[in-house]
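Okay, so here's the structure we're looking at.
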Amino acid sequence: QEQLVESGGGLVQAGGSLRLSCAASGRTFRNYGMGWFRQAPGKEREFVAVMTWSGESIRYADSVKGRFTCSRDNAKNWVFLQMSRLKPEDTAVYYCAARWGNWPDLVSDNGVDVWGKGTLVTVSA
């Protein structure tokens with residue numbers, strides 16, 4: 001069974017850094033694009049970053065460009081999201097996500113085939 005499990009969430013001061021990890025199980029993930037989404041209180045779930053499994057292409061939402069970095073360790077089937085210069089508005093449940101094939105130009109929830117259960121990130125002012 002294909003599965004994504006996030007970890008690394010917690011409480012951090014504004015301006016600080018945090019790294020999220022996603023463990024992917026299932027051999028079919030070699031052919032999946034990977035990504036991160038988040039859902040803040042009272043907000044809809046939104047795209048944060050997406051990348052190919054091989055890592056040749058990475059795209060970020062405008063709200064996190066220059067602050068967040070997506071990476072991977074294919075040998076261990078791990079995907080990471082390094083978050084820096086965190087802001088209170090970054091507070092959200094962060095979800096690891098996988099898509100069969102390449103990501104479209106317009107990324108949305110509809111393009112996700114496998115979801116993780118999420119990990120909570122809280123940024124205090």
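Worth saying up front: this structure is predicted, and the values here are computed from it rather than measured.
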Count I, L, V, M, F, W, Y as connected when their side-chain heavy atoms are under 4.5 Å apart, and connections chain through other members. Are [X] and [Y] then in the same cluster?
X	Y	result
Met34	Trp100	yes
Val79	Phe68	yes
Phe37	Leu4	no
Val93	Trp36	no

Does some side-chain heavy atom of [Y] sit less than 4.5 Å from a side-chain heavy atom of [X]?
X	Y	result
Leu81	Thr69	no
Ser63	Arg38	yes
Trp78	Ser21	no
Ser108	Phe47	no
Arg59	Trp103	yes

Would you give the length of the straight line joining atom SG of Cys22 to atom CG of Asn77, rounded to the nearest 0.5 angstrom?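 Those atoms lie 10.0 Å apart.
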Between NZ of Lys43 and CD of Glu89, what distance do you get to the nearest 0.5 Å?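 Here the interatomic distance stands at 10.5 Å.
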Practice prompt. Flag this pair as yes if the NZ/CZ of Arg45 is under 6.0 angstrom from the six-membered ring centre of Tyr95 and inside a 45 degree cone about the axis; otherwise no.
Written response: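 Output yes; distance and angle both within limits.
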Next item on the list: Kindly indicate whether a cation-pi arrangement holds for Arg72 with Phe80, taking the cut-offs as under 6.0 Å to the six-membered ring centre and within 45° of the axis.
Entry: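 Because its charged atom misses either the 6.0 Å distance or the 45° angle limit, Arg72 does not stack over Phe80.
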Can you name the closest pair of heavy atoms from [X] and [Y] and give their distance?
X	Y	answer
Gln13	Ala125	OE1-O, 2.9 Å
Thr91	Pro41	O-CD, 3.8 Å
Tyr32	Ala98	CD2-CB, 3.6 Å
Val64	Val48	CG2-O, 3.6 Å
Gly10	Leu18	N-CD2, 4.0 Å

Quick one: does [X]'s side chain have a donor or acceptor within less than 3.5 Å of a partner on [Y]'s backbone?
X	Y	answer
Glu6	Cys96	yes
Ser57	Thr52	no
Arg85	Ser17	no
Arg99	Val114	no

message: Taking the basic N atoms (NZ, or NE/NH1/NH2) and the acidic carboxylate oxygens, is any pair closer than 4.0 Å for Lys87 and Asp90?
response: no
Checking Tyr94 against Met83 for the side chain to side chain contact (heavy atoms under 4.5 Å, CB included) test, could you report, in this order, the C-alpha distance in whole Å, the side-chain angles of both residues, the deciding distance, and whether it holds? CA-CA 11 Å; Tyr94 284 72; Met83 305 181 293; 3.9 Å; yes
Applied to residues 110-122, the side chain to side chain donor-acceptor pair (under 3.5 Å) test, sequence neighbours excluded, yields none
**Prompt:** Are there more than 12 heavy atoms of other residues, nucleotides or ligands under 6.0 Å from atom CD of Glu44?
**Reply:**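 Result for CD/Glu44: open.
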